Amino acid sequence: MDLNRAAAQKMDEQDPLRHFRSQFLFPKTKSGNDAIYFCGNSLGLQPIKTKTYVNQELSDWANFGVHGHHEAKHAWLPYHEFLTDTMANIVGAKPIETVVMNTLTVNLHLMLVSFYRPEGKRSKILIEHSCFPSDRYAVESQLRFHGYDPSKHLIILQPQPGEAYVSNEAIEHAFYQHGDEIALALIGSVNYYSGQAYPIKFITDLAHQYGSLVGFDLAHGAGNLALKLHEDGPDFAIWCGYKYLNGGPGSLAGCFVHERHAYSYELPRFTGWWGHNKKSRFKMSPHFEIMAGAEGWQLSNPPILPMACLLASFELFELAGMDNLRLKSLQMGNVFFNLLDELNHPNLKIITPRLEAERGCQISIQLKDADKAIFNKITEAGVIADWREPDVIRIAPVPLYNSFTDIFDFIQILKGALND
Ligand SMILES: *Cc1c(COP(=O)(O)O)cnc(C)c1O
């Protein structure tokens, strides 16, 4: 591919999603220009409208006090419901299957309480190698909580010898070997380090065939992949609201519970009053009456301000459409791969799978000899990306606000840093 800057600009002009870029606020470089922002996988940018949405709630609080629960422009009592339909669309779920609540690791614990139900020999949890540390800490603590030793009850999904990624064969092999011992499989898709997108349906079908339950941590998947959670059928999923969903630092998280469990009131769960049937919640009865669907896992009345942030961002997702975003994301990834091929530098190795089905926005570049100086140079030149120990730069071109020109400019900066 022969891509010069003019050609990249032409791609931007023809991009049907190009208008969304101006709906976001970009951090500035020292010289006062917009930074090249490739960290949407870590903290999404702020939509311009977020301030308006948050200010609305602040003024409704000022004007109505407690009456804001009913009288605010967006009444606070059912506020989380204003997010439900878009949340469901973003992850390919039915509204009854999703809820916005808590933060990610909290939701993971709530899901583990309900869906990690060890019995006899079937007592182990399967997780992927290099899974996000918080997931591992959560899972290990749940194992201990049930009286198990994590060193014996955790099965780690590894790439097969000599391979960089976990192939479908490796996943099949893990189930073939341990299928009758696995109570729950918990996989992070997209993997935060390698950028590998795991095949959700394939893993779900396999786990179910072997009689185990399966959940996904979609912190790096929600708002990134074109997910079809209902159809693909995992038992649960969780994700955070501040990465691709642009909900702001520490924003509220999402939770998916498949419809087949929507009325499973007998499942063990930790409960709070917000999971109580909303029609009779304020009768304040000592008898707990669980709400159907994912909402039944809510604990507390939720914080309105971070939900206002999400509402501002969800408006943009609704307008853009997840399928269109995914299409542009793949095009951006292809341009990125091609330009790196052209650069053909011996010190760079892409560790993200090249196959479209196996990646999202993020592309992870491994630097020879863990040369962090290269990362420091690109940072100095106005690129916001991130460094993951020991030797990886993660770059996430995000279709809502990144451009093809961003990618072109980044590659020139990288080239300069390598040849310096
Ligand atoms: C970002 C991320 C988290 C962060 O958890 P919080 O509870 O939001 O702090 C957890 N797991 C994965 C896979 C992540 O990518």
Side-chain angles (χ1 to χ4, degrees), residues 38-45 83 87 90-91 98-113 115-116 125-142 154 156-157 165-166 184-200 203 214-225 227 229 234 236-256 270 297-300 302-303 305-307 309-310 313 351-352 359-364 384-389 392-396 398:
F38 282 143
C39 262
N41 56 340
S42 185
L43 183 70
L45 289 181
L83 296 165
M87 190 73 270
I90 289 174
V91 297
T98 59
V99 65
V100 170
M101 62 178 187
N102 310 315
T103 47
L104 186 154
T105 307
V106 175
N107 289 345
L108 175 56
H109 275 294
L110 293 177
M111 292 295 101
L112 289 169
V113 165
F115 296 107
Y116 171 53
I125 301 182
L126 176 80
I127 57 172
E128 88 229 72
H129 82 119
S130 80
C131 80
F132 196 87
S134 191
D135 299 25
R136 178 144 185 176
Y137 305 152
V139 163
E140 289 191 353
S141 71
Q142 290 270 346
L154 210 51
I156 314 277
L157 189 56
Y165 323 120
V166 178
L184 174 73
L186 175 73
I187 306 294
S189 188
V190 174
N191 178 278
Y192 83 101
Y193 191 81
S194 68
Q196 178 182 8
Y198 284 97
I200 293 180
I203 295 175
V214 57
F216 287 88
D217 183 335
L218 300 174
H220 283 264
N224 175 11
L225 305 173
L227 297 163
L229 289 184
F236 71 88
I238 42 158
W239 55 91
C240 53
Y242 49 81
K243 291 174 177 164
Y244 293 98
L245 296 179
N246 312 317
S251 194
L252 287 163
C255 187
F256 164 90
F270 290 165
W297 272 267
Q298 294 177 106
L299 299 176
S300 301
L305 300 179
M307 285 198 299
C309 295
L310 279 172
S313 171
I351 60 164
T352 305
R359 63 175 146 98
C361 294
Q362 178 185 323
I363 294 174
S364 303
I384 301 184
D386 82 6
W387 174 262
R388 276 287 174 267
E389 294 297 340
V392 161
I393 299 178
R394 302 188 305 172
I395 302 289
V398 167

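Whatever order the structure lists them in is the order used to number ligands and atoms, beginning at 1. Quick caveat: nothing in here was measured; it's all calculated off a predicted structure. FYI, side chains are in, hydrogens and waters are out, and symmetry mates aren't considered; it's all heavy atoms of this structure.
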Sorted by chain and residue number, the side-chain contact (heavy atoms from CB on, under 4.5 Å) partners of Pro133 (sequence neighbours excluded) come out as Tyr137, Tyr192

Distance (rounded to the nearest 0.5 Å) between Asn102 CG and His109 NE2: 11.5 Å

Residue pair Met111 / Phe256: nearest heavy atoms and the distance that separates them: SD-O, 4.4 Å

Does some side-chain heavy atom of Thr98 sit less than 4.5 Å from a side-chain heavy atom of Leu229? no

Within the heavy-atom cut-off of under 4.0 Å, ligand 1 is lined by Leu104, Thr105, Phe132, Asp135, Asp217, Ala219, His220, Tyr242, Lys243

Distance col, row Ile351:CD1 vs Tyr193:OH, nearest 0.5 angstrom, shows 5.5 Å

Is any side-chain heavy atom of Asp217 closer than 4.5 Å to one of Leu104? yes

